[in-house]
Structures are given as structure tokens and as C-alpha cells.
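Presented below is the structure to which this report refers.
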Amino acid sequence: NNIRSIRNSYYGSLDGTVNTHSMSALIAEADPDLDARLKAAIQKAADDIQAIPQPFRNHINSSEANVAMESCASLEALLSNDLKRALNSMSGNDEMLDAIVESYVDEVVVPTYRNLVSCNNALRDAVNRLARNPSDAAFESACDAWLEAREPWEKSEAFLFGPVDQLGLDPNMDSWPLDQNAIVQNLNTGSFDDLDWSDGDSDDVIEAAQNLRGFHTLEFLLFKDGQPRRIKE
């Protein structure tokens, strides 16, 4: 989904088609070879990630994982060097670039965040149902909702700037690694003050609180060995 986020940003759409007002359309007109290389690199990175055997944690050092990392590195080099250089050379064409930015926001950024809000509302409801009436079925429903909510967040990570950065949404939703010992301690004591902080707190205090929040904390609480937890566990 991170690679799809890059694709969506470059194509200016969510469905894999190339928007008339997009970086891809702009580059294709100026440098068709670069556009073709970028499209191929995006697809290769996605395909190579999908080719890693599951479960991923058991194949982190596999040859397939190494190939995927190399493909991602190649894509990063194309984006940060070739594409950036090409776009910088067009910096005087404000009218065309403004149209691309406007379309990108309307067709990619806003719909992605709108979907994220909807999916997170559904996740909150599923977790509340689990809290009120614990059951194996409620665990499964909450896990399904977590997976649904995780997708649009991953698809937003190509554009983690602006309000999502300035308001600190990323570290509060997606900090890693977790402080699992602190999470368990909070659950055992029933005291959750460590999740909060105030303006003026040190970076260490804020980071410690953020490591107890977000998607990965909920993942730790809902899943075990990649499967929904059971009531008896």
C-alpha cells in the first residue's frame, strides 16, 4: 500500500489510471522514457513485495525480501533524482503545475483521508463492541476493521506533509517500535496517564507516550501470531 500511495500520487488517481492533470502525464510529454521507467519501477516494487512469502516475519531475510528492498531502493533513486530533476526543470510553468496540484489534492489526498476517517470510525465502533461484549467473534470483527483502517493510512504515506505532519498525526498513529512492557504495565495497573503529555514536555516524554498509541498498539492488543486473539488467551 505504500507503493500504491506513490503510484496514486504520480498517476493522480486512486484506480491506477493516469489523470490528465498528473505528474505522469506531464513527464510523459516531456520525457516518455523517464515516465516509462517510473511506471515500471513502481510496478516492480509492488510485485516484488507481494512475492515475499507469508508470513512476512518468517521471511525477513529471504532472497525475495532482499529483491524487494533493492526494487524499493531503485524506485527511491528514480523519484529523488530523475523525477525531482525533471520537475525542477518545469518550475516556470505555474499554470500547468497548479492544475496538477489541485487535481492531486481533490482526486488523491482528500478521498484517501476521507476513507481513512470512515474506516477508523468503523474500527472505533468495532473495538467498543469488543470492550462491551468480549467474544471471539468480536475479536475477529475488530481485527477485520483494523485491517480495513490500516489500508488507507498506508496509502496516505506518500504525502505525509502539511497538517498531518504539523499536527503530529503520524507519530500518534503509527509510532514504531512499541514499548510492549509499558503497554502491559498500563493494562495491569489501569492507569493510562502515560499516554498523555503537555506542551513543554521533553522530546523523550512525548516519544514515550507516542510509543503507547496508535495502530501498532491496537495491533498488539487485537492480534496474536497474525491471528485474532481468543478470549481464553
Side-chain angles (χ1 to χ4, degrees), residues 1-5 49 52 54-61 65 72 109 112-233:
N1 285 323
N2 281 168
I3 302 301
R4 291 191 180 101
S5 181
I49 290 172
I52 300 172
Q54 296 297 315
F56 172 73
R57 69 171 185 271
N58 294 345
H59 299 89
I60 291 175
N61 295 317
C72 289
V109 177
T112 300
Y113 283 135
R114 186 178 292 121
N115 189 28
L116 178 64
V117 170
S118 175
C119 289
N120 272 276
N121 285 337
L123 174 59
R124 178 195 57 202
D125 292 343
V127 169
N128 286 337
R129 288 193 297 270
L130 171 62
R132 289 192 301 267
N133 297 294
S135 68
D136 291 343
F139 259 121
E140 292 175 5
S141 177
C143 287
D144 289 342
W146 186 93
L147 291 169
E148 291 290 331
R150 185 69 184 164
E151 180 177 335
W153 173 256
E154 295 281 356
K155 286 182 176 178
S156 77
E157 291 201 301
F159 40 90
L160 290 182
F161 54 86
V164 71
D165 174 44
Q166 296 167 5
L167 297 177
L169 299 186
D170 183 16
N172 283 294
M173 296 175 67
D174 204 29
S175 284
W176 183 263
L178 294 177
D179 188 342
Q180 295 185 13
N181 292 331
I183 293 171
V184 172
Q185 180 179 352
N186 284 344
L187 291 173
N188 288 336
T189 63
S191 174
F192 302 102
D193 292 342
D194 290 345
L195 275 70
D196 298 320
W197 66 89
S198 303
D199 291 340
D201 284 345
S202 69
D203 290 343
D204 289 341
V205 169
I206 295 174
E207 184 176 344
Q210 290 171 337
N211 287 343
L212 305 176
R213 291 168 164 262
F215 277 113
H216 295 297
T217 296
L218 191 53
E219 178 186 13
F220 171 67
L221 298 174
L222 291 176
F223 293 87
K224 183 176 181 179
D225 297 329
Q227 299 298 321
R229 288 184 182 272
R230 318 297 293 180
I231 290 297
K232 294 182 179 180
E233 292 178 342

Set of side chain to side chain contact (heavy atoms under 4.5 Å, CB included) partners for Glu219, sequence neighbours left out: Trp146, His216, Phe223
List in chain and number order the residues that pass side chain to side chain contact (heavy atoms under 4.5 Å, CB included) with Arg129, two or more places apart in sequence or in another chain; answer none if no residue qualifies. Asp125, Ala126, Arg132, Ser141
To the nearest 0.5 Å, what is the distance between [atom1] on [X] and [atom2] on [Y]?
{"X": "Met173", "Y": "Thr217", "atom1": "CE", "atom2": "OG1", "result": "12.0 Å"}
{"X": "Gln210", "Y": "Leu195", "atom1": "CD", "atom2": "CG", "result": "10.5 Å"}
{"X": "Asn211", "Y": "Gln180", "atom1": "CG", "atom2": "CD", "result": "11.0 Å"}
{"X": "Arg150", "Y": "Asn120", "atom1": "CZ", "atom2": "CG", "result": "10.5 Å"}
{"X": "Tyr113", "Y": "Asn115", "atom1": "OH", "atom2": "CG", "result": "12.5 Å"}
{"X": "Leu222", "Y": "Leu123", "atom1": "CG", "atom2": "CG", "result": "7.5 Å"}

Short question: side chain of [X], backbone of [Y] - any donor-acceptor pair under 3.5 Å?
{"X": "Asp165", "Y": "Leu160", "answer": "no"}
{"X": "Asp174", "Y": "Asp170", "answer": "no"}
{"X": "Asn172", "Y": "Gly214", "answer": "no"}
{"X": "Ser156", "Y": "Trp153", "answer": "yes"}

Shortest non-hydrogen contact from [X] to [Y]?
{"X": "Val164", "Y": "Phe159", "answer": "CG1-O, 4.0 Å"}
{"X": "Glu148", "Y": "Cys119", "answer": "O-SG, 3.7 Å"}
{"X": "Asp201", "Y": "Ile206", "answer": "O-CD1, 3.7 Å"}
{"X": "Ala182", "Y": "Leu212", "answer": "CB-CD2, 3.5 Å"}

Does atom CG (Asp203) have a neighbourhood of more than 12 heavy atoms from anything else shown, all under 6.0 Å? no
Within a 6.0 Å radius of atom CG on Asn58, are there more than 12 heavy atoms belonging to other residues, nucleotides or ligands?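 Yes, CG of Asn58 has more than 12 neighbouring heavy atoms, counting only those of other groups under 6.0 Å.
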Counting C-beta onward and ignoring hydrogens, is there a side-chain heavy-atom pair between Thr112 and Ser5 closer than 4.5 Å? no
NZ/NE/NH1/NH2 to OD/OE distance under 4.0 Å, Asp196 and Arg213: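 Judged by the 4.0 Å cut-off on N to carboxylate O distance, Asp196 and Arg213 do form a salt bridge.
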Can a salt bridge be assigned to the pair Arg4 and Glu157 using a cut-off of 4.0 Å between side-chain N and carboxylate O? no
side-chain contact (heavy atoms from CB on, under 4.5 Å) between Leu178 and Trp176: does it pass, once the steps are laid out? CA-CA 5 Å; Leu178 294 177; Trp176 183 263; 4.2 Å; yes
Between Leu187 and Leu221, is the side-chain contact (heavy atoms from CB on, under 4.5 Å) condition met? List the steps. CA-CA 10 Å; Leu187 291 173; Leu221 298 174; 3.6 Å; yes
